[in-house]
Q: 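Before I ask anything, let me first share the structure, which is written out below as structure tokens.
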Amino acid sequence: MSLGVVMIVHDALHRATQLARHWSDHGCPVVLHVDQRVDRDTYDRFVKSLADRDNVLFCDRHRCEWGTWSLVAASQAAAELMLERFPDVQHVLLASGSCLPLRPVAELTDYLRDRPTTDFIESVTTEDVPWAIGGLNTERFTLRFPFSWKRRRRLFDGYVRFQRRVGYKRRIPLGISPHLGSQWWCLTRHTLLAILNDPRRSVNDAYFRRVWIPDESYYQTLSRQHSNKIESRSLTLSKFDYQGKPHVFYDDHLQLLRRSDCFLARKIWPHADRLYDSFLSDAPSFSAGAEPNPGEIDRIFAKAVDRRTKGRPGLLMQSRFPHQRWGNRVTAEPYVVLQGFTEMFRGFEPWLSSFGKVRVHGHLFAPDSAHFAGGGAEYFGALSSSAALRDYDSTAFLTNLIWNTRGDRQCFQFGPADTQDITWNIARDANARIHVISGAWAVPLFLSEGRFADIRRTAARLQKTESAFLSVLRSDHCRARVKIQTLSNFVRNPIEPLQDVVDQLAARDRPKLTAPPEMVHLGGFGEFLQNLKNQGMHLHLAGDFPTDYAPEPPQAERATPYLVTK
Amino acid sequence: MGALTSYRLRLKRKRHLIRGFRKRHELSAVKNRTAQIAPADILVFTTLRNELVRLPYFLKYYRDLGVNHFLIVDNGSDDGSREYLAQQDDVSLWTTQASYKRAKFGVDWLNWLQRKYGHDHWCLTVDTDEFFVYPFCDTRPLRALTDWLDASEIRSFGAMLMDMYPEGPIGAEPYQAGQNPLEITRWFDSGNYTIRKNSQFRNLWIQGGVRARVFFDDNPERAPALNKIPLVKWRRSYAYVSSTHTLLPRGLNLVYDASGGEKASGCLLHAKFLDTFEAKSKEELQRRQHYANSHEYRAYNTRMADDPVLWCEWSEEYINWRQLEVLGLMSKGNWA
């Protein structure tokens, strides 16, 4: 006999019975501490359920409350009884009613027999503890905590603030250097006796009685004084979430727990029948001699904390609705907005979508409907092309689109003829890559064959709208990557801006463009602009377009040497 | 948000509690088995009218999740629903002929029953065509969730309503009593929801899904609200204000995180579009007992006449909760 188990229980007593029987069956004496708050009848029934065991004892009961000295008092009473009544016990394990042994008891006792002088107790200095509740590390040892954190949070916080303000500090007794750690330890008889029979125990106890959460610091601190060899880790796997609340294990964690090779785990949900049945059976284990390896469990719980605190960027949903002012990333992934490109070329969208995994949409915010790539009435996620639905919440329309198509790069056309509700949102979105050829709206007008007076009116309206959009893009709040150039500059050198666009869309391949796609024929366009000016319009966005601009006449049968493949 | 608003909302909450109290006479108990309710039991609250064909599966679904007792208000059924429910050992049944509309669409009745029997229990308020899905619901019973919520000191749990529909025309595949309706209505819209925040009650107002896409594409602001908070650790002082969309005190409505993280949430799969739908919507149109002059039902009727197919190329077929979580419709939060 080498291992004794001290169990502190307060509810789910049927599980405690099951666990105590398991330990006692495998030759480990058990001392139980039952919370005083458990009523007399339940307690009596519990005692009776274990009455047939002579190596299961019950110690004096304390009223236990989380974070208070009572938990240490309970473990002291139980440990004293254990050491006194079972002189063969070499190691004492502190466990709760929801600590489940994951490996056969024999493996644990063998493990401990091979390390007869090692104390397994997580014990780290206060500076190194990132997980403490309420951010109280060192202050646990220097302030007073007369109010319950669970029931009187406001008083608790207020009193802490007050003590900080007046600069109150308790004196830490001589020889104590505060350490913290998991409250589930496994100590040697030698160390435990030394702690319990310490000549200064009354001083220590009086001090720790007023420390906050002393069950995480009492043994952790004092074992540093008395132990010959501390292994600063707990044999009990116990994970905490970001609020300092222990993660609970359920039936579906069975394989995960098996593979962890830990000796014990907590907390186990009391109704997790499958876990209790499988781990308390005498099934042979395959991990004899293995060292505990909770890496996978760590990962899963770390991911859960991440999800709770950071969430998935770009997702707006019922339980994640970030405040608009916080977090500038509205959308999930980068996307490209092109203003004035499709107007300049024949078949621009099919040409652009030939570059890898790119979805090139038409004018998503056109007044009649959203022109999705492929021209369907719906798109990914059953997003409707209805203009009314889109304009009802255009931000949601865009975030939905980008979220629904995660993994594909999205690109859409925009222009002054589209509804403009979205402009501020894309400008503020760090994921947006916006390319503008200012004044390109004049090209479709030039090609249209309407009455000049109508064209003149439309031109004025479009110029005004585009001008407003450009000032949004030039504002201090703009976080998008923006490239703006005038139509006249673009016409002189179209390759470079197109190369930029293609690079952003096909970031991996980065194909090299040698020639632009076929541009619409702009012969006479300079004259057209001059005419608009002659009608009294102040054209300031298209740049200085040469009046006598004469492009090469379109070649009839030109091959399409768009890119050179490596 | 000053003291005045707080006080106004407090009065509003009291008014709802009083409404429930006054309407209690409208309910007459058919079978009151509430004495069976044990201290930690999980309760389901429902109002219904003529849902006999749906009841067997509805009860089975929630029994399998681990619900201990059903508290049901029957609003004048004449198809045998009342008799069927009265025979179930875990159902307490009340009946009323009073107006559904004037009882705030059943809210007053349920507020009263929740106040009387729901105090200190986890209460799930659902309709007979709503199926509650939460993280790990295929491996963990509902009690695992409520225990976790208790331990995390969370009082209310949000579950968005998700409209499910069949692939073919509505009603092409007849529904049999006891059958899982999600075998027929397997499809849903995964990514066309819009959210705004209600600054008065602080809850989110979610619209979208197939009903917005098909019936309200020219009138989106009238599309039905999909945000719901069906699972609440009830206290006597709580009250639902409009359906299960809004609760008071309004702290209960904060089932979302505003700083970027994700809280845990579920979904209510809404198997409304079965073959029973057409008859039901015609009847509801006549009774005019539904919200905003039943405009929703009017929209259905006009649209269903010419094209009863809701399915589209981008509809998503339901597999399990993990799929919903990946799609971003619900979240595990920090439950792992």
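Proteins come first, then strands; the chains are lettered A, B, ... in the order of their sequence lines, and each starts at number 1.
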Q: Would you call D252(A) and R140(B) a salt bridge, taking side-chain N to carboxylate O under 4.0 Å as the test?
A: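 Looking at R140(B) together with D252(A), the answer is yes, because their closest N to O distance falls below 4.0 Å.
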
Q: Using a 3.5 Å distance criterion without hydrogens, assess whether the side chain of W403(A) forms a donor-acceptor pair with backbone atoms of L327(B).
A: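 Checked: pair present.
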
Q: For chain A, which of R196(B), K197(B), Q207(B) has the most heavy-atom pairs under 4.5 Å?
A: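 It is R196(B).
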
Q: For chain B, which residues of residues 376-385 of chain A have at least one non-hydrogen atom nearer than 4.5 Å to it?
A: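 Near chain B, by residue number: E378(A), Y379(A), F380(A), G381(A), A382(A), L383(A), S384(A).
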
Q: Which pair of non-hydrogen atoms, one from L389(A) and one from P220(B), has the smallest distance, and what is that distance?
A: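 Of all heavy-atom pairs spanning L389(A) and P220(B), the closest is CD2-CB, 3.7 Å.
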
Q: Please name all residues satisfying side chain to side chain donor-acceptor pair (under 3.5 Å) with K310(A), sequence neighbours left out, ordered by chain then number.
A: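 By the side chain to side chain donor-acceptor pair (under 3.5 Å) rule, K310(A) matches D306(A).
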
Q: Please determine whether side chain to side chain contact (heavy atoms under 4.5 Å, CB included) holds for the pair Q318(A) and M330(B), giving the CA-CA distance in whole Å, both sets of side-chain angles, and the decisive distance to 0.1 Å.
A: CA-CA 7 Å; Q318(A) 54 169 335; M330(B) 57 185 267; 4.0 Å; yes

Q: For the atom pair OG (S152(B)) and NZ (K245(A)), what is the distance rounded to the nearest 0.5 Å?
A: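 S152(B) atom OG to K245(A) atom NZ measures 3.0 Å (nearest 0.5 Å).
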
Q: Considering only heavy atoms, which portion of R406(A) lies under 4.5 Å from any heavy atom of chain B: side chain, backbone, both, or neither?
A: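 Just the side chain, heavy atoms under 4.5 Å.
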
Q: At a heavy-atom separation under 4.5 Å, does E316(B) approach chain A through its side chain, its backbone, both, or neither?
A: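 For E316(B), there is no contact with chain A at all, as no heavy atom is under 4.5 Å.
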
Q: List the residues meeting side chain to side chain donor-acceptor pair (under 3.5 Å) with R63(B), not counting sequence neighbours, and say none if there are none.
A: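 Side chain to side chain donor-acceptor pair (under 3.5 Å) check on R63(B) returns Q88(B), D90(B).
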
Q: If you measure from OH on Y392(A) to CG on D218(B), what distance do you get to the nearest 0.5 Å?
A: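 Y392(A) OH to D218(B) CG: 13.5 Å, rounded to 0.5 Å.
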
Q: R308(A) side chain to K263(B) main-chain N or O, any donor-acceptor pair under 3.5 Å?
A: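 It does not hold such a pair.
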
Q: To the nearest 0.5 Å, what is the distance between CG on D257(B) and OG1 on T309(A)?
A: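 Here the interatomic distance stands at 9.0 Å.
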
Q: When only pairs under 4.5 Å are counted, which of L226(B), N227(B), L329(B) shares the most heavy-atom pairs with chain A?
A: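 With the most close heavy-atom pairs to chain A, the winner is L329(B).
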
Q: Indicate yes or no: at least one non-hydrogen side-chain atom of P141(B) is less than 4.5 angstrom from one of H271(A).
A: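 Of all side-chain heavy-atom pairs linking H271(A) with P141(B), none is under 4.5 Å.
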
Q: Salt-bridged, E262(B) to R312(A), with N to O below 4.0 Å?
A: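 The answer is yes: the pair qualifies as a salt bridge.
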
Q: Could you check whether any side-chain N or O of S319(A) sits under 3.5 Å from a backbone N or O of Y256(B), counting only pairs where one atom can act as donor and the other as acceptor?
A: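 Flag not set: sc S319(A) to bb Y256(B) has no pair under 3.5 Å.
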
Q: What distance separates T395(A) OG1 from I195(B) CD1, expressed to the nearest 0.5 Å?
A: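 The CD1 atom of I195(B) is 11.5 Å from OG1 of T395(A), to the nearest 0.5 Å.
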
Q: Residues of residues 184-193 of chain B under 4.5 Å from chain A (heavy atom pairs)?
A: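 Under the 4.5 Å heavy-atom cut-off, D189(B), S190(B), G191(B), N192(B), Y193(B) qualify.
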
Q: Rounded to the nearest 0.5 Å, what separation is found between the CG atom of N219(B) and the OG atom of S386(A)?
A: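 With rounding to 0.5 Å, CG (N219(B)) is 10.5 Å from OG (S386(A)).
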
Q: Examine W335(B) together with Y250(A) and report whether their ring centres are nearer than 6.0 Å.
A: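 Between W335(B) and Y250(A), the centre distance is under 6.0 Å.
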
Q: Between CZ of R274(A) and OG1 of T139(B), what distance do you get to the nearest 0.5 Å?
A: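 So the gap between those two atoms works out to 9.0 Å.
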
Q: Apply side chain to side chain contact (heavy atoms under 4.5 Å, CB included) to the pair S331(B) and R307(A), showing each step before the final yes or no.
A: CA-CA 9 Å; S331(B) 177; R307(A) 194 165 43 232; 4.1 Å; yes

